[in-house]
Structures are given as structure tokens and as C-alpha cells.
There are 2 protein chains.
Amino acid sequence: MEISKAEFEVMNAVWQGAPCTAADVVARLDNQTDWHEKTVKTLLNRLVKKGALGFDKDGRRYLYKPLFGRDEYRIKESTSLLNRLFDGRVSPLVSAFASRKQLSQQDIEELKDLIKQWEQTND
Amino acid sequence: MEISKAEFEVMNAVWQGAPCTAADVVARLDNQTDWHEKTVKTLLNRLVKKGALGFDKDGRRYLYKPLFGRDEYRIKESTSLLNRLFDGRVSPLVSAFASRKQLSQQDIEELKDLIKQWEQTND
DNA sequence: AAATTAAGATTACACACGTAATCATATTGT
DNA sequence: ACAATATGATTACGTGTGTAATCTTAATTT
């Protein structure tokens, strides 16, 4: 199951708080995009058909809810990118950023903390 | 400029060694895919139109060459993914992998080395 | 009760994409 | 010289995507 760019924005809006109505999603997206309400409804529909969203009926409205979490999606997308571009591993990605001077002192501190955590848990 | 999945495979083949002919690309892809020669030519054409590939004429053949490097592309795609999914920073991505037990001892070692390098260069 | 509104369902439509086949033409083999 | 071949160009065609408009029907307003 593949989610398009526009569909992802809608998922994001739903992840912000579910269950939620189509009107909620439209309202949440109003800040980020200038999509017509009809456009948003179309995308909700497609996401339901794709199995990315489910819903319960509330009268004649739908209460939408995501069928997988943001974290799950993040990992799936990241793994896919790492596989396509970085031999499936994290460090070549970090390395690419490092050699492009794309890492800040803060990034480094955060990575060091993560490593410390990991070692406490895994060693 | 956006490159599709299939187009990316072709770029990969060209990055393997450029300049190269369409026949070269077809041959290189023959291992990974079972695309028809015509399909590959179509993709080469589209990549030229998109400005991802250039070429010099060699008689009536083209010698294709990439107009941007693999590294450049990797950074662009990764930055885009980080922006969409991880607040634009590297460490939340690493963190997501860590909390999913998706990091190996080797990954950690590589990250530590990278950090050491970075600190030698930047401190 | 009739008219308006609002929800989701269906339809629309141009452009991208995957996956070729056909066309035009230059080169090569016989 | 003519036929076969190889190269890039053009055309094809179903499916996905961005971006809605229209349709159907239930609820709300007057």
C-alpha cells in the first residue's frame, strides 16, 4: 500500500488527533494548504480505500481513525529510503550529512546521547 | 524536478559509469530488472527531458551522462524525508530506529567513529 | 412543508508513470 | 544496391495523482 504526498498530509492531520471528522481534517489542513474541502474529502476516501484509514459512523458523518501509527509509517519510509540509497544502514546516511557539513553541534550531542542510551540498554 | 522509482533505477545504472550508451544501460539493468529495451529507452528519454541526464552525440548514438551526482541526489532525498517525517533533523530518525531495536552493534560503532571524526574536524 | 445546507459517493479531467510498440532513419551485412 | 538492423523519436494505454465539481440524500432552517 502506497500513500501519495497529498494523502500523507491528510494522514498527518488525522494523526494529530483521532478519531476526527472530515471537517476536523479540513480545518487542520487549512493552515498548511489551500485545498478545497472537496479535495480533502477525495483524499479521505482514497485513504479509506487503500486501508490507511478506517472510520466509525456517527449519524451520517464518519469518524476517521488511522489504521497504522505515525511511527510505524516513519520506520517504513525510512527503511525504504535507506535501502534505496544507503545500503540499508543508518550510518552511511549520517556520514553523507556529515561530509556535507550538514550536521550541527546539537545533532552531534543528540547522537551521543542516543548512543549512550543504547549502550546502557544493550550492553 | 522529480525522479520516479523506475527512473531512479536508470540513473543508478548511469551512475555506475558514465558516459554510457543506451545499450550499456540496458545491459546493466538486465541483472536487476526484466525491462524491455524499449522501456529503458523511454526512461532515458524522460530523464533527458527532466534535465537529470545529458548526452553527447556519438554518431547516431547518444552518450548519456548524469547532470547531478549520486551523493547530491542522496542528500536531496534524505533531506526531504527528514523534513517530512523527522522535524528536519537526523537524530530523531536514528532514535526511531533505536527504539525499534533496529540498530546493530556495528551501526553504533560506525556512528561513534563518525562522531569522533566530526569532532576532530569541527572542534 | 419547502428550501437550503451538509455529508459522503460518484464522476471528471489533465498530467505523471510503468511499460512498451510503432515510426523514421541511418548504418551495416550480403 | 537492397535488405536487415539498430537508434532515437513518437505514440499508446491503463493506472495513479492532484484537484476538484456534481450527485444523492439526510438534516436543518425558515
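Every chain is numbered from 1 and lettered A, B, ... according to where its sequence line falls, protein lines coming before strand lines. Worth saying up front: this structure is predicted, and the values here are computed from it rather than measured. Side-chain atoms are counted along with the backbone in the values below, which use heavy atoms only and exclude waters and symmetry mates.
Shown here for Ser78(A) and Phe86(B), the closest heavy-atom pair between the two residues is OG-CE1, 3.1 Å. Between Glu2(A) and Glu7(A), the shortest heavy-atom distance links the atoms O-OE1, 4.0 Å.
The distance between atom CG of Leu53(B) and atom P of dG8(D), rounded to the nearest whole Å, is 13 Å. Taking atom CG on Leu44(B) and atom C1' on dC17(C), their separation rounds to 15 Å, with Å as the unit. Taking atom CG of residue Leu43(B) and atom P of nucleotide dT7(D), one finds them 17 Å apart after rounding to whole Å. Residue Leu63(B) contributes atom CG, which lies 12 Å from atom P of dT7(D) at whole-angstrom precision. The distance between atom CZ of Arg61(A) and atom C1' of dT28(D), rounded to the nearest whole Å, is 14 Å. Here dT17(D) presents its P atom at 8 Å from CD of Glu2(A), a figure rounded to the nearest Å. Rounded to whole angstrom, the span from the CG atom of Asn45(A) across to the P atom of dG16(D) amounts to 15 Å. At whole-Å resolution of the value, CE in Met1(B) and P in dA16(C) are 14 Å apart.
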Protein and nucleotides 12-14 of chain C: nitrogen or oxygen contacts under 3.5 angstrom:
none

Enumerate the protein-to-nucleotides 4-6 of chain D contacts in which both atoms are nitrogen or oxygen and the separation is below 3.5 Å.
unit_1: dA6(D); atom_1: N3; unit_2: Arg60(B); atom_2: NH2; d: 2.3

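The backbone N or O of Ser91(A) sits nowhere less than 3.5 Å from a side-chain atom of Ser95(A) that would complete a donor-acceptor pair. Here the side chain of Asp24(B) pairs a donor or acceptor atom with the backbone of Thr21(B) at under 3.5 angstrom. Formation of a donor-acceptor pair under 3.5 Å by the Arg74(A) side chain with backbone atoms of Gly69(A) is not found in this model.
Contact check, Tyr64(A) against dA7(C): no side-chain N or O comes under 4.0 Å of OP1 or OP2. In terms of phosphate contacts, Thr39(A) brings a side-chain nitrogen or oxygen within less than 4.0 Å of OP1 or OP2 of dA20(D).
Residue contacts for Lys57(A): at a heavy-atom cut-off of 4.0 Å it reaches no nucleic acid atom on any strand shown. Looking at heavy-atom distances under 4.0 Å, Lys49(A) makes no contact with the nucleic acid at all.
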ask   = Could you go step by step and tell me if Glu119(B) and Lys112(A) meet the salt bridge (Lys or Arg N to Asp or Glu O under 4.0 Å) rule?
value = CA-CA 11 Å; Glu119(B) 289 182 330; Lys112(A) 283 164 84 170; 2.8 Å; yes
query = Between Glu37(B) and Lys41(B), is a salt bridge (Lys or Arg N to Asp or Glu O under 4.0 Å) present by the stated rule, with each step listed?
reply = CA-CA 6 Å; Glu37(B) 166 228 355; Lys41(B) 301 259 183 111; 3.1 Å; yes
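Below 30°, between 30° and 60°, or above 60°: for Phe55(B) and Tyr64(B) the angle between ring planes is above 60°, a perpendicular geometry.
A salt bridge is absent between Glu9(A) and Lys5(A); no separation between the charged side-chain nitrogens and carboxylate oxygens falls under 4.0 Å. Comment: Arg100(A) does not engage Asp71(B) in a salt bridge, judged by the lack of any side-chain N to carboxylate O separation of less than 4.0 angstrom.
Near DNA chain D, defined here as any heavy-atom distance below 4.0 Å, the residues from residues 3-28 of chain A are Ser4(A), Lys5(A), Ala6(A), listed numerically.
Counted within 6.0 Å of CD on Gln105(B), heavy atoms from surrounding residues, nucleotides or ligands total more than 12; the atom is thus considered enclosed.
Between the side chain of Lys38(B) and the base of dT19(C) there is no donor-acceptor pair of N/O atoms closer than 3.5 Å.
In summary, the side chains of Asp107(A) and Ser104(A) do present a donor paired with an acceptor at a separation below 3.5 Å, with no hydrogens or angles considered.
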